[in-house]
Amino acid sequence: MGKLGLLREFWDFLKVRKKWWLTPIVVMFLLLGFLIVFTQSSAVAPFIYTLF
């Protein structure tokens, strides 16, 4: 159940504790991580890294 269990537990945490403000932060971290992983081996990589 691994990752699905972790996601389910995080969702339950958000519902019970009413911590909805964490959602945009987590989404932005995930998008940034995917951007870094998927552009690492492309020709766009040097341009992405200059932004940071």
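Note on Phe29: it clusters hydrophobically with Trp21, by side-chain heavy-atom contacts below 4.5 Å among ILVMFWY residues. Residues Leu30 and Ile25 share a hydrophobic cluster, clusters being chains of Ile/Leu/Val/Met/Phe/Trp/Tyr side chains in contact below 4.5 Å. Clustering ILVMFWY residues whenever any of their side-chain heavy atoms sit less than 4.5 angstrom apart, transitively, puts Val27 in a cluster other than the one holding Leu35.
In this structure, Lys18 and Phe13 have side chains that are not in contact, with every pair of non-hydrogen atoms separated by 4.5 Å or more.
The one candidate from Asp12, Leu6, Leu4 that meets the side-chain contact (heavy atoms from CB on, under 4.5 Å) condition with Arg8 is Asp12.
Annotation for Trp20: atom CH2 counts as buried by contact number, over 12 foreign heavy atoms lying within 6.0 Å.
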